[in-house]
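Scroll down for the structure; my scribbles are underneath it.
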Amino acid sequence: MEKLVVKGGHRLTGTVRVSGAKNAVLPIIAASVLGTEGSTILEVPELEDVSTICKVLECLGLKVDHSTPHVLKIDSRQVTGWEAPYDLVSTMRASFLVMGSLLARVGRAKISLPGGCAIGTRPIDIHLKGFEALGATIEQGHGYIEAFAPHGLVGTTIYLDFPSVGATENLMMAASMAKGTTIIENAAQEPEIVDLANYINVMGGKVRGAGTTAIRIDGVESMKGGEHTVIPDRIEAGTFMVAGAMTQGDILVDNVLCEHMKPLIAKLREAGAIVEEGISDVHVVGPQELHPITIKTLPYPGFPTDMQAQVMAMMCIAKGQSSVLETVFENRFMHVDELLRMGANIRTSGGRAAIVEGVPKLYGCQVRATDLRAGAAMVLAGLVADGVTEITDIYHIDRGYENLVAKLTGLGADIQRIG
Ligand SMILES: CC(=O)N[C@H]1[C@@H](OP(=O)(O)OP(=O)(O)OC[C@H]2O[C@@H](n3ccc(=O)[nH]c3=O)[C@H](O)[C@@H]2O)O[C@H](CO)[C@@H](O)[C@@H]1O
Ligand SMILES: C=C(OP(=O)(O)O)C(=O)O
């Protein structure tokens, strides 16, 4: 079994370049189904999740050329299938995002139910309610969801019970070729939503207001295709910024949109780091001693849940008491038990709140990457731990971090992938 072996105690210095955003490229690839002429996507991160969603497209009859690294050429002239099978949806929930584009393009979709995952039950009720509001018929059975709109979808106003990122994206795609106008109220405002809207518009769609709580989509008859460059990954950037802060490092994180990083930048400064915002980069200098901080995860522009585990790793070595309130997912504390094994002092209550008492040292040991960001937190803890940390189940990390070992090694970390 492959594992990461991290020898702690190295100060990180130098420059690291951030890849394109996983959470932007996945819905963008799903949206490529909408276009009848094909698309070219640039700044595509080389990730397991990208391979998985490309396999989903191939199941639908699209042709994907990924022969040039970081570039995807998608031939979407023919869509011959409408089913995303269990093996692909179970490894990556974002496969469910093809439901909206399939409904728009071919009027039907059959997608395996994603099921729960390590960070919570993650239902899809908001997506389904939205599809029904647009006129689709939904049937569930034998582990699959089928949606039908043989005569096309019809625009309407949809108020989301929660600003779900995935539901906003799925409904934006579905509505892009509906008859008339759709307004999504209480929409998610994440930068990845804006990137998807920009791509839909490049293909010939008419989406306005993405990045605000009300998105207006004027349905068009058909879409062509186009070229789109994916935004930088704010979570990968944030993970390196925390690494710099934790290791008393001095690092330049390149290919960053600081506008997307505001909640993390504020917290790193509270923790005592120096953070200098550039036009497309950010410079982080870690303090001698980290101060304790408080975070509460929220939908954008609040503090991102996808940075909670990494920041909790940082809190473990701050001087004093920090706290975390996780409000987006009901069960995103899988990393706590692993951090405890490394000598951290953390108390949780109710699965949503944690108090972290900083300790002078963490100690290397064997730990598991229980999910993607929990895995990143283990790497960060390993960078500052006394001795050697061995991290297993690293396939979770491969879902979302391109070349993590090479990037950290370039900053002076002692980290190897073995097995
Ligand atoms: C591929 C991708 O972009 N993944 C991100 C996306 O996931 P994802 O799109 O799955 O996250 P959502 O915003 O939909 O989920 C947020 C919360 O809403 C709940 N919910 C969601 C949909 C629904 O129909 N019913 C429902 O109850 C979820 O269980 C969760 O508790 O946004 C999350 C929140 O920022 C991030 O952590 C993920 O990294
Ligand atoms: C939870 C995440 O991703 P996904 O929604 O793909 O599981 C994440 O990127 O941290």
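Numbers here are sequence positions counted from 1. Both counts, for ligands and for their atoms, begin at 1 and track the order of listing. Keep in mind it's a predicted model, so treat the numbers as computed, not measured.
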Heavy atoms, side chains only, cut-off 4.5 Å: are P304 and P263 in contact? yes
Close approach, H127 and ligand 1, non-hydrogen under 4.0 angstrom: yes
Near N23 (heavy-atom distance under 4.0 Å), the atoms of ligand 2 are 9 (O)
Could you tell me which atoms of ligand 1, counted from 1 in the order shown, lie closer than 4.0 angstrom to a heavy atom of F162? 16 (C), 17 (C), 18 (O)
Is there a heavy atom in R93 that sits closer than 4.0 Å to ligand 2? no
Give me the residue, atom name and distance of the protein heavy atom closest to atom 9 (O) of ligand 2. R373 NH2, 2.8 Å
Within the 4.0 Å heavy-atom cut-off, what I126 brings close to ligand 1 is both
Judged by atom type as modelled, is there a donor-acceptor pair below 3.5 Å linking the side chain of S322 to the main-chain atoms of I293? yes
Counting heavy atoms only, which part of I119 comes closer than 4.0 Å to ligand 2: side chain, backbone, both or neither? side chain
Does T182 reach the main-chain N or O of R216 with its side chain, forming a donor-acceptor pair under 3.5 Å? no
Please list the nearest protein heavy atom to atom 2 (C) of ligand 2 with its residue and the distance rounded to 0.1 Å. K22 NZ, 3.9 Å
Does ligand 2 have any atom that is closer than 4.0 Å to a heavy atom of R332? yes
Which atoms of ligand 1 have any heavy atom of R332 under 4.0 Å away? 37 (O)
Who gets closest to atom 21 (C) of ligand 1 by heavy atom: P299, P123, A167? P123
Using distance alone, decide if ligand 1 has a nitrogen or oxygen within less than 3.5 Å of any nitrogen or oxygen in E330. no
Atom of A353, atom of F333 and distance for their closest heavy-atom approach: N-CE1, 3.5 Å
Is there side-chain contact between R93 and R122, with heavy atoms separated by less than 4.5 Å? yes
Within-shell test, R93 vs ligand 1, heavy atom, strictly < 4.0 Å: no
How many angstroms lie between atom OG of S76 and atom CD1 of I29, to the nearest 0.5 angstrom? 12.5 Å
4.5 Å side-chain heavy-atom contact, L196 and I28: yes
Decide salt bridge (charged side-chain N to carboxylate O under 4.0 Å, His left out) for E357 and R347; before the verdict, give the C-alpha distance in whole Å, the side-chain angles of both, and the deciding distance to 0.1 Å. CA-CA 8 Å; E357 299 285 352; R347 278 172 286 129; 3.4 Å; yes
Is ligand 1 under 4.0 Å from a heavy atom in the side chain of V328, in the backbone, in both, or in neither? both
Among protein heavy atoms, which sits nearest to atom 10 (O) of ligand 1, and what does the distance come to when rounded to 0.1 Å? R122 NH2, 2.8 Å
Flag N23 as yes when one of its N or O atoms lies below 3.5 Å from any N or O atom of ligand 1, and as no otherwise. yes
Take atom 17 (C) of ligand 1 and look for protein heavy atoms under 4.0 Å from it; say yes if you find one, no if not. yes
Near T305, which atoms of ligand 1 are under 4.0 Å from a heavy atom of that residue? 34 (C), 35 (O), 37 (O)
Under 4.0 Å from a heavy atom of I124: give me the atoms of ligand 1 that qualify, with their elements. 23 (C), 24 (O)
Would you check whether K22 has a nitrogen or oxygen atom less than 3.5 angstrom from a nitrogen or oxygen atom of ligand 1? no
Just to be sure I read this right, does ligand 2 sit under 4.0 Å from the backbone of T305, its side chain, both, or neither, counting only heavy atoms? neither
Option of least heavy-atom distance to atom 6 (O) of ligand 2 (set: R122, M92, R399): R399
Working to the nearest 0.5 angstrom, can you tell me the gap between L380 CG and R373 CZ? 11.5 Å
Heavy-atom contacts under 4.0 Å between D306 and ligand 1: side chain, backbone, both, or neither? side chain
Yes or no on side-chain hydrogen bond (donor to acceptor under 3.5 Å, both in side chains) for Q366 and T392, after CA distance, side-chain angles and deciding distance? CA-CA 8 Å; Q366 289 210 356; T392 58; over 6 Å; no
Check: I265 and M241 side chains under 4.5 Å, non-hydrogen atoms: yes
Can a donor-acceptor pair be found, under 3.5 Å and without considering hydrogens, that links the side chain of E326 to the backbone of V328? yes
With side-chain hydrogen bond (donor to acceptor under 3.5 Å, both in side chains) as the test, would you mind laying out the steps for H335 and Q310 before giving the verdict? CA-CA 9 Å; H335 41 283; Q310 301 91 311; over 6 Å; no
K296 side chain vs F303 backbone, donor-acceptor pair below 3.5 Å: no
Do any nitrogen or oxygen atoms of G166 come within less than 3.5 Å of a nitrogen or oxygen of ligand 1? yes
